2 protein chains.
Amino acid sequence: MELQELNATEQKILSAAKDVFVEKGFDGARMQEIANKAGINKALMHYYFRSKDNLFNAIFKEAFYQFIPKLGENFKSDKPLMVKIEQFVVDYIELIKAKPHIPLFVLHELTRNQDFEEKMLIDNDNIPVNDWMESVIKAIEREEIIPVDPKHLLVNMVSMCVFPFIGQPILNVLIFNNDRSAFNDFVEERKVHIVEFIRNSITTKPKS
Amino acid sequence: MELQELNATEQKILSAAKDVFVEKGFDGARMQEIANKAGINKALMHYYFRSKDNLFNAIFKEAFYQFIPKLGENFKSDKPLMVKIEQFVVDYIELIKAKPHIPLFVLHELTRNQDFEEKMLIDNDNIPVNDWMESVIKAIEREEIIPVDPKHLLVNMVSMCVFPFIGQPILNVLIFNNDRSAFNDFVEERKVHIVEFIRNSITTKPKS
DNA sequence: GTCTATAAGTAGATAGAC
DNA sequence: GTCTATCTACTTATAGAC
């Protein structure tokens, strides 16, 4: 989306579209439901956005970059690695807590639409994985942490933050006996737990 | 599904249905495509399975229990916890490698269909989370591992095994530059890496 | 059991009045 | 810009011949 002005109607449509697409997925979403939720009719949606595909693309890019955290500023800094990891884990869990359905939605749609790579045109500059790699290697050289593969460490960290939200329906049944507040408490605990779990695994300091 | 006899046609339909539903999801799947893939026509599908919903339910339960690993035999044993963890990680990654699209499919459909709990009638006996909990607590008492919340440890372990497959399209772009064999190597490495990562974090032995 | 033909309903999209 | 009414295509499902 360009940085053009959006009138109130367009904004209402986009907001409703995002709600419905995220909840139902592209295939399950109905233009009629989006129109109803936006308080207008279908014809007006097609006036602003020519097709369902167009409308979807308009909301997906934003959802995608909501899911891909901006590691940039954090990892380019010169703080100790564990400080950066703690900041990432806390911020990322907080982010997903606010929009818990975004990760599953994004990943499902990416799998559905194989040629997304061209569409999304992910610019690796915006998502500086290389900064993360260097950051870990430096920490190893400084002997802040023991030798560890930066890619696996990154995937471990992200997995442990995101997966509970994607697997929530199963966790709710198998672990929390459908007690919704128990799940929320659990996620809150993870901000501390994940950092400690990683720290115990990779830091050179003796354990307490 | 009961353990009744299934004729060849039914099996062809079920097999085709599973392929299409898992690839496209319920909303994206078309009965016509399933019929084509099974080498029959739509009418015959409706003769055996009354509706799309019926056909879906027939394949979903199997997919679900393919995704939920049977921890039973493993965790009821009296082996050291790290031995059990290693066995779980290796077996589970091998399982998902064989059917890499099952996890995202199952989780997406569970989210789509809120009342699945009644439908699936998950019997907690088959999925003995309690055995895992006791197993961890025993290991803490024996001082094989340091004190750690069994629930978080379970979620950590499962997350690190499953998430790479769910997030594969993103990992492929951000980390592996679309080199598919690099992803496969990465997953293979994780069988060892995850176990070591957990061992370093929770065992009482000094690090090497 | 297996097929062809078709019914009934719904989806996305457009025409055209205001 | 916003609406009502409608078109066209597609989807699930069924009727009925063999």
Side-chain angles (χ1 to χ4, degrees), chain A residues 1-61 63 105 108-109 112-113 115-116 119, chain B residues 1-61 63 105 108-109 112-113 115-116 119:
Chain A
M1 295 295 292
E2 322 297 333
L3 284 180
Q4 61 195 354
E5 293 287 320
L6 297 180
N7 67 36
T9 304
E10 276 178 294
Q11 290 183 356
K12 274 192 293 183
I13 294 172
L14 283 172
S15 171
K18 195 172 177 183
D19 286 353
V20 174
F21 277 129
V22 169
E23 185 190 344
K24 305 281 178 72
F26 180 86
D27 291 324
R30 294 292 166 255
M31 297 294 268
Q32 184 64 59
E33 187 179 356
I34 296 175
N36 291 345
K37 190 165 262 184
I40 50 128
N41 59 36
K42 284 190 294 183
L44 198 52
M45 277 180 13
H46 281 89
Y47 170 78
Y48 281 109
F49 306 88
R50 241 182 40 240
S51 66
K52 186 180 182 182
D53 267 292
N54 264 346
L55 184 53
F56 179 81
N57 290 337
I59 67 101
F60 185 68
K61 201 160 193 173
F105 165 70
H108 177 255
E109 297 302 330
R112 183 182 64 84
N113 192 353
D115 55 334
F116 82 98
K119 280 192 184 176
Chain B
M1 296 295 293
E2 320 299 333
L3 285 180
Q4 60 196 355
E5 294 288 320
L6 296 180
N7 68 35
T9 304
E10 276 177 294
Q11 290 182 356
K12 274 192 293 182
I13 295 172
L14 284 172
S15 170
K18 194 171 178 184
D19 286 352
V20 175
F21 277 130
V22 169
E23 185 191 344
K24 305 279 178 73
F26 180 87
D27 291 323
R30 294 291 165 257
M31 298 294 269
Q32 183 64 61
E33 187 179 354
I34 295 173
N36 291 345
K37 189 164 262 183
I40 49 123
N41 59 34
K42 286 185 296 182
L44 198 52
M45 278 181 9
H46 281 89
Y47 170 79
Y48 282 108
F49 306 88
R50 240 183 41 243
S51 65
K52 186 179 181 183
D53 267 292
N54 264 346
L55 184 52
F56 179 82
N57 290 337
I59 67 100
F60 185 69
K61 201 160 192 172
F105 165 69
H108 177 255
E109 296 302 331
R112 183 182 64 83
N113 194 353
D115 55 334
F116 82 99
K119 280 192 182 173

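Labels below follow one simple rule: chain letters A, B, ... track the order of the sequence lines, proteins then strands, and each chain is numbered from 1. For clarity, every value in this text was computed on a predicted model and none was experimentally measured.
Within the 4.0 Å cut-off from OP1 or OP2 of dA13(C), at least one side-chain nitrogen or oxygen of H46(A) is found.
Using modelled atom types, one side-chain atom of E109(B) and one backbone atom of F26(B) make a donor-acceptor pair closer than 3.5 Å.
Contacts of K18(A) classified as side chain to side chain donor-acceptor pair (under 3.5 Å), with partners at least two apart in sequence or in another chain: E62(A), Q66(A). N36(B) is linked by a side chain to side chain contact (heavy atoms under 4.5 Å, CB included) to Q32(B), counting only residues two or more places apart in sequence or in another chain. Residues that satisfy the side chain to side chain contact (heavy atoms under 4.5 Å, CB included) test with R50(B), not counting sequence neighbours, are N54(B).
With values rounded to the nearest 0.5 angstrom, S51(A) atom OG is found 10.0 Å from M45(A) atom CE. Put simply, CE on M31(A) and CG on N41(A) are 11.5 Å apart, with the number rounded to the nearest 0.5 Å.
A heavy atom lying under 4.0 Å from DNA chain D marks the following residues of residues 15-42 of chain A, by number: I40(A), N41(A).
Note that the first and last nucleotides of DNA chain D, 5' to 3', having any atom under 4.0 angstrom from a heavy atom of chain B are dT11(D) to dA15(D).
Listed by first and then second residue, the salt bridge (Lys or Arg N to Asp or Glu O under 4.0 Å) pairs involving residues 25-48 of chain A are K24(A)-E33(A) (not counting sequence neighbours).
Taking the six-membered ring for Trp, F21(A) and F105(A) have ring centres at least 6.0 Å apart.
Within the 4.0 angstrom heavy-atom criterion, base atoms lie near Y47(B).
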